[in-house]
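It should be emphasised that the depicted structure is a prediction, and the values quoted were computed from it without experimental measurement. Residue numbers start from 1 in every chain, and the chains themselves are labelled A, B, ... in the order their sequence lines are given, proteins ahead of strands. All heavy atoms count here, side chains included; hydrogens, waters and symmetry mates do not.
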Number of protein chains: 2
Amino acid sequence: MTQEIGKRPNIYDVASAAGVSKSLVSLVLRGAPGVSPARRAAVEEAIERLNYRPSRAAATLAGNRSRTIGVVLDDYRNLWFVDLLAGLHDRLAPLGFRVAVADPSFNAHLDRTPVDGLLSMRVDGVVIATEPTEEMFAAVDVPAVVAGNRDMVVPGADIVANDDVMGGRLATEHLIGLGHREIGHVTGAGGAARLRAQGFDAVMRGGGLRPQVAQGQGLTMESDGYEAALRLLEENPSLTAIFAANDTMALGAAGAARDRGRRIPEDLSLIGYDNSPLASANLLRLTTIDGRNRQVGDGAAEALLERMKDPATPVHTKLVEPELVLRASTAAPA
Amino acid sequence: MTQEIGKRPNIYDVASAAGVSKSLVSLVLRGAPGVSPARRAAVEEAIERLNYRPSRAAATLAGNRSRTIGVVLDDYRNLWFVDLLAGLHDRLAPLGFRVAVADPSFNAHLDRTPVDGLLSMRVDGVVIATEPTEEMFAAVDVPAVVAGNRDMVVPGADIVANDDVMGGRLATEHLIGLGHREIGHVTGAGGAARLRAQGFDAVMRGGGLRPQVAQGQGLTMESDGYEAALRLLEENPSLTAIFAANDTMALGAAGAARDRGRRIPEDLSLIGYDNSPLASANLLRLTTIDGRNRQVGDGAAEALLERMKDPATPVHTKLVEPELVLRASTAAPA
DNA sequence: CTGAAAGCGCTAACAG
DNA sequence: CTGTTAGCGCTTTCAG
């Protein structure tokens, strides 16, 4: 907190301080090639000395683009987005793009939807990592991709997601492979959960087994997992395994198991989905499905870049193969 | 994803479509008073019809301010920031401010620090919700407040935090009040953890008890809590209670207890800190200290607003009183 | 590499 | 409330 003296330096100030032209400063800022090392150093020294920070507002306005990709998140408490962001960032940062995050609960009333806020800042592309709504994309005129499987289809937007049906199958096959026959599934609201349940259902029926499914009151939170698992355990005390639609719900299911005196994995096997930080906690050591969200992020960035290059690129869906992550919450039935 | 026809509408287009002046549109956009309902409606209709989205870049550049407050987060996986953001938003949104989030891991290399990125977008204020570094605030020329107790003092920045020492005291007094005498504390790196440990230490010594403290290898993550609790339990098998520096570490401690055959709360009482979503999970039902981060967010916003009005306001520290949240993880010793 | 010029879409200030 | 006039700090383009 220094430099309160006078107004902010601009590109002219830097240029004259470095003894070069304003255009050269602009080139250095954008990391353009073909600038002599000596002059580049001079410019960088001046920037440092003046504490110059380029105005993104001016750059965006003049260039008619922000070199920023906006991401709409749904809920900070469900940590699946962390790897998604990392994947986006890793792919985009080297190309000079920033990632800006918007979440639904915030900035409402100023903008009708989080997408409006992003559009107002003239993002060059949008990643929708939540269930989209009609009004959200009504005015989207930049490349958009939906990350994750959703109920609604956004016209013109690519979809990049992990293969939730396959993930559901993997989880269920793992349990059956261990010898389980009485298997319950704790599901939730939303497209991804529906597909995971679909994978579960298919494998169970394919194996001649009865798919037992329960859903909580809310969405896909811990309390929903708790509730649903409690119901499952009550309806069928001979249940030996539960597949939860995500790790958070699995945490809820683990609570239900504990409350019903079932040890994991001795009395009940439990498998989650997402491979979130929660799954690796020592208290759970949760076997789970890794949706490889980093790859999803990478794929979303890729799709955006392609469509920025050629807006006429046909819309496509890219599915990332999920994989089973073995930990200690699943075992053969007693 | 429609409206790919032609260029984006600007304020002139809206004005002529609504049959009013450009100035009037600007007034409506900023929600200024004294605009007749009829004209306001006409403008809003035109905005809707043209799918107009005001350019934040132009507004920022022209107005020399962005009406945005930037927040620097440390780690998305530690959920204490969720309420902080909510508090900031609730206080700021009615005044027309947006909240922009930046996190350390992202956008590196484009900007030296997350603060630089915020400064580049000409935020009107900065909330630092992570351990600050020297270079982070070297060029900060807008009001800044540090949220949470930190090791480093940022000159010129207000501090708003919960009273971690008092929180540490509350937790420890709760355990002693239940009858515990052999109490361990699992601590971590960082200013907040240090103060919580300080509160623990003071109360223990004040009660003539021996403070037993352990710290993990890393910062304040689950694995650190696990490790440290394991060590505590090993060094003193007669321990009957553990106070963890945060809920995430408490989750780790719960894992350690389970692995050592200690039931919670029958054989070991456990108390956390933060009252994060984790604490309310049925598997933990964790007694914890609520730092009232929403209030911290509110206070941080308040401090920013004050300093925006008068930059000469003397720097001050505001401490929010934490409170004990009783759940099922603590009980009288056997 | 420089220098000049145009213009991005808005806010602010002021006279009507 | 309107209409006008200045910029804000950049990018872009183009001729040197």
Separation of [N] [atom2] from [X] [atom1] (nearest whole Å):
| X | N | atom1 | atom2 | result |
| --- | --- | --- | --- | --- |
| B/L119 | D/dG9 | CG | C1' | 16 Å |
| A/L50 | D/dG9 | CG | C1' | 15 Å |
| A/L61 | D/dT11 | CG | P | 11 Å |

Quick check: do [X] and [Y] have side-chain heavy atoms less than 4.5 Å from each other?
| X | Y | value |
| --- | --- | --- |
| B/T60 | B/R122 | yes |
| A/L29 | A/Y52 | yes |
| A/V99 | A/V71 | yes |

CA sep, side-chain torsions, deciding dist, call: B/R294, B/D90, salt bridge (charged side-chain N to carboxylate O under 4.0 Å, His left out) | CA-CA 9 Å; B/R294 207 170 181 119; B/D90 288 354; 2.6 Å; yes
With sequence neighbours excluded, tell me which residues meet side-chain contact (heavy atoms from CB on, under 4.5 Å) with B/E306.
-> B/E302, B/T313, B/H316
When all nucleic acid strands are considered with a 4.0 Å heavy-atom cut-off, which category describes B/R39: base, sugar-phosphate, or nothing?
-> sugar-phosphate
Evaluate the ring planes of B/Y76 and A/Y76, with Trp represented by its six-membered ring, and classify them as parallel (under 30°), tilted (30 to 60°) or perpendicular (over 60°).
-> parallel
Under a 4.0 Å heavy-atom criterion, the protein footprint on nucleotides 10-16 of chain C, written with B, S and -, is BBS----
